[in-house]
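For reference, the structure is listed below as C-alpha cells.
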There are 2 protein chains.
Amino acid sequence: MHDEANHAAKPEPDNLRLVHLLRAVTVEFGLRQADFAARNGMHPTDVRALICLLDAARAGEAATAGLLGTRLGLNSAGTTAVIDRLERLGHVARVRDDHDRRRILLRVEPAAIRLGRDFFGPLIDGVLQVLDSFDPAEREIVRRFLTATHTVFAMEPRP
Amino acid sequence: MHDEANHAAKPEPDNLRLVHLLRAVTVEFGLRQADFAARNGMHPTDVRALICLLDAARAGEAATAGLLGTRLGLNSAGTTAVIDRLERLGHVARVRDDHDRRRILLRVEPAAIRLGRDFFGPLIDGVLQVLDSFDPAEREIVRRFLTATHTVFAMEPRP
DNA sequence: GGCGATAATCTCGCTCAGCGAGATATTAGC
DNA sequence: GCTAATATCTCGCTGAGCGAGATTATCGCC
C-alpha cells in the first residue's frame, strides 16, 4: 500500500467508498451522541445507556441492570455507576422486579424521552425526509442493505 | 390510526424502522471498535484517533495534533495524551512539520495499519460482499442514501 | 531585523468513569 | 432447611480527559 496523500486522488473502488461512507455516518452519529451528552451534563456512555433502555422497551424486553451492563460492555460496578448517574439526573428510576426480587428493572422517565426527542428529533426528521425522497422500491433496497450490513456486524464474536 | 390490537409491540412506521436500523448499525460498529480497542490494549478513543488519521491521509489532509483533537472533540491536553498512548504503542510517530515548525504531523505506522486490517478486514469484506450482491443501479441508490444521511448528520451545530 | 501578537503543542494538578475484588440479597436445587 | 447460583451493590484504585498556564515557533508590523 503506497502513500498517496500527496498528489492525484487514488482510484478507490466505488464499493470501498461506500464502506467508508457508511463508517463516516456512524462516526458522525457518535459525535452527535457526545454533543447531546455534553449539553445535558451526561457522558456518552449514559446516552448509550438510555438508547439501550429505549430499544429494550421497544423490543418488549425487560430492561434490567444486568442486561444494560452486558449491552454496554461494562462490568457490574460500572453499570451501577451509570444507573446512579442517570437516576440522580432523574432520567431513569430503579424498580424492584416483583417476580424476581434480585433484579432491578429500569424505567426511563418521560422527561428524559422528551429531552432526547428535542435533540434527536431534527436529525431523525432529516433522515425521514431523505427517505421520503425515495420511492418504495428504493426504500426496500436501502432496507435490504442496512439489514444485511447489520447482520455482518452483529454476526461475529462477543468477547 | 389503524387497528393493530396486538399488545406491547407498537405499529412502528416503516421509515422509522429504517432509522432505527441505521442506528443499530452504528451502535454495532461502535461495539466493534471497542472490541478492537480492548483486544489491543487501547481505548476506544485511541481507535477513533487512528481511524481519523487514516481518513485524513486518505483525504490528503495534513494530520496534525490539533486537527485530531478537533475531530475527536478533545482539548489539547487530552489530545496530547492520546498521541502519547499511540506513540508508546508504536502505532503513530510524531514528525515535526518543516514548513511550520510549531506543528506536529502524525504518521500512522504500517504495523498499526496491518493490525486494523486483520481485525476490520473481515467486516469490510462482509459489507463488500453485501454490496456485490447489489447491481450498479442499486448501489447507486445506497450511495445516494448514505450521502444524504451523512449530510444530515454533518450539517448541524458543532458546540 | 527585532518585537509583541498569535498559534500549536505540551505540562501540571484535578475530577470522575470504569475496573477488580468482594459483600449482600434473593432464588433455585437437592 | 442448607448450599449453589444469580443479580446487584460497595470499596479502593487506575487512568482518561479537563482547565489553566507554560513553552516554542511563526507572522505582521514598524
Side-chain angles (χ1 to χ4, degrees), chain A residues 30-31 33-50 52-53 56 61-89 91-107 159, chain B residues 30-31 33-50 52-53 56 61-89 91-107 159:
Chain A
L31 289 175
Q33 275 183 197
D35 288 356
F36 176 73
R39 197 169 303 195
N40 292 96
M42 305 165 70
H43 293 260
T45 301
D46 304 350
V47 179
R48 265 177 269 138
L50 283 178
C52 174
L53 292 177
E61 295 173 313
T64 67
L67 178 75
L68 182 64
T70 306
R71 293 270 169 91
L72 295 176
L74 296 179
N75 75 359
S76 65
T79 305
T80 300
V82 172
I83 299 172
D84 284 349
R85 294 197 298 270
L86 290 174
E87 195 178 39
R88 200 177 315 130
L89 290 171
H91 291 153
V92 308
R94 282 175 159 97
V95 184
R96 276 272 169 212
D97 184 346
D98 279 329
H99 294 55
D100 182 343
R101 296 184 50 73
R102 288 169 303 183
R103 308 203 307 173
I104 292 282
L105 299 179
L106 299 168
R107 185 165 41 83
Chain B
L31 289 175
Q33 276 183 198
D35 288 357
F36 175 73
R39 197 167 304 194
N40 292 97
M42 306 165 69
H43 293 259
T45 301
D46 304 351
V47 179
R48 265 176 269 139
L50 283 178
C52 175
L53 292 177
E61 296 172 314
T64 67
L67 178 75
L68 182 64
T70 306
R71 292 271 170 92
L72 295 176
L74 297 178
N75 76 359
S76 66
T79 305
T80 299
V82 173
I83 299 172
D84 283 349
R85 294 197 299 270
L86 290 175
E87 196 178 39
R88 200 177 315 131
L89 290 171
H91 292 154
V92 308
R94 284 176 159 96
V95 185
R96 276 272 170 212
D97 184 346
D98 278 329
H99 294 55
D100 181 344
R101 298 182 50 74
R102 288 168 305 184
R103 309 203 307 174
I104 293 282
L105 299 179
L106 300 168
R107 185 165 42 83

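Note on naming: letters A, B, ... go to the chains in the order of the sequence lines (proteins, then strands), and numbering restarts at 1 for each one. These numbers come from a predicted model, not from an experiment.
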Quiz item: Is there a donor-acceptor contact under 3.5 Å from the side chain of B:R107 to the main chain of B:A93?
Solution: no

Quiz prompt | Residue of the set A:T45, A:D46, A:L50 for which side chain to side chain contact (heavy atoms under 4.5 Å, CB included) holds with A:R48 | solution = A:T45

Practice problem: Tell me which residues in residues 75-84 of chain B put a heavy atom below 4.0 Å from DNA chain C, sorted by number, or none. | Solution: B:S76, B:A77, B:T80

Quiz item: Rounded to the nearest 0.5 Å, how far does CG of B:L86 lie from CE of B:M42?
Solution: 5.0 Å

Exercise. Please state how far atom NE2 in B:H43 lies from atom C1' in D:dG15, giving the value in whole angstrom units.
Key: 7 Å

Quiz item: Expressed in angstrom and rounded to an integer, what is the separation of B:D98 atom CG from D:dA25 atom C1'?
Solution: 13 Å

Quiz item: Using a cut-off of 4.0 Å on non-hydrogen atoms, how would the nucleic acid contact of A:R94 be classed: base, sugar-phosphate, or nothing?
Solution: sugar-phosphate

Practice problem: Measure from NE2 on B:H99 to P on D:dA25 and round the result to the nearest Å. | Solution: 17 Å

Quiz prompt | Below 4.0 Å: OP1/OP2 of D:dC9 and any side-chain N or O of A:R102 | solution = no

Quiz item: Once you round it to whole Å, what is the distance between C1' of D:dT24 and CG of B:D100?
Solution: 11 Å

Self-check item: Pairwise side-chain contact, B:H43 with B:V82, heavy-atom cut-off 4.5 Å (strictly under)
Solution: no

Quiz item: Reading DNA chain C 5' to 3', which nucleotide is the first, and which the last, to come under 4.0 Å of any heavy atom in chain A?
Solution: C:dA17 to C:dT27

Practice problem: Compare all side-chain heavy atoms of B:L106 with those of B:E87 and state whether any distance is below 4.5 angstrom. | Solution: no

Self-check item: Any B:R96 side-chain heavy atom under 4.5 Å of B:L105 side chain
Solution: no

Practice problem: Kindly give the heavy-atom pair with the smallest separation between A:L89 and A:N40, and that separation in Å. | Solution: CD1-O, 4.5 Å

Quiz prompt | Side-chain N,O (B:R85) to OP1/OP2 (D:dG17) below 4.0 Å | solution = yes

Quiz item: Just how far, in rounded Å, is C1' of D:dT6 from CD1 of A:I104?
Solution: 14 Å

Exercise. Please state how far atom CZ in A:R103 lies from atom P in D:dT6, giving the value in whole angstrom units.
Key: 13 Å

Self-check item: Any B:R94 side-chain heavy atom under 4.5 Å of B:D84 side chain
Solution: yes

Quiz item: Going from OG1 on A:T64 to CG on A:D100, what distance comes out if it is rounded to the nearest 0.5 angstrom?
Solution: 9.5 Å

Quiz item: Mapping A:R101 and A:T45 to their closest nucleotides on DNA chain C, which lands nearer the 5' end?
Solution: A:T45

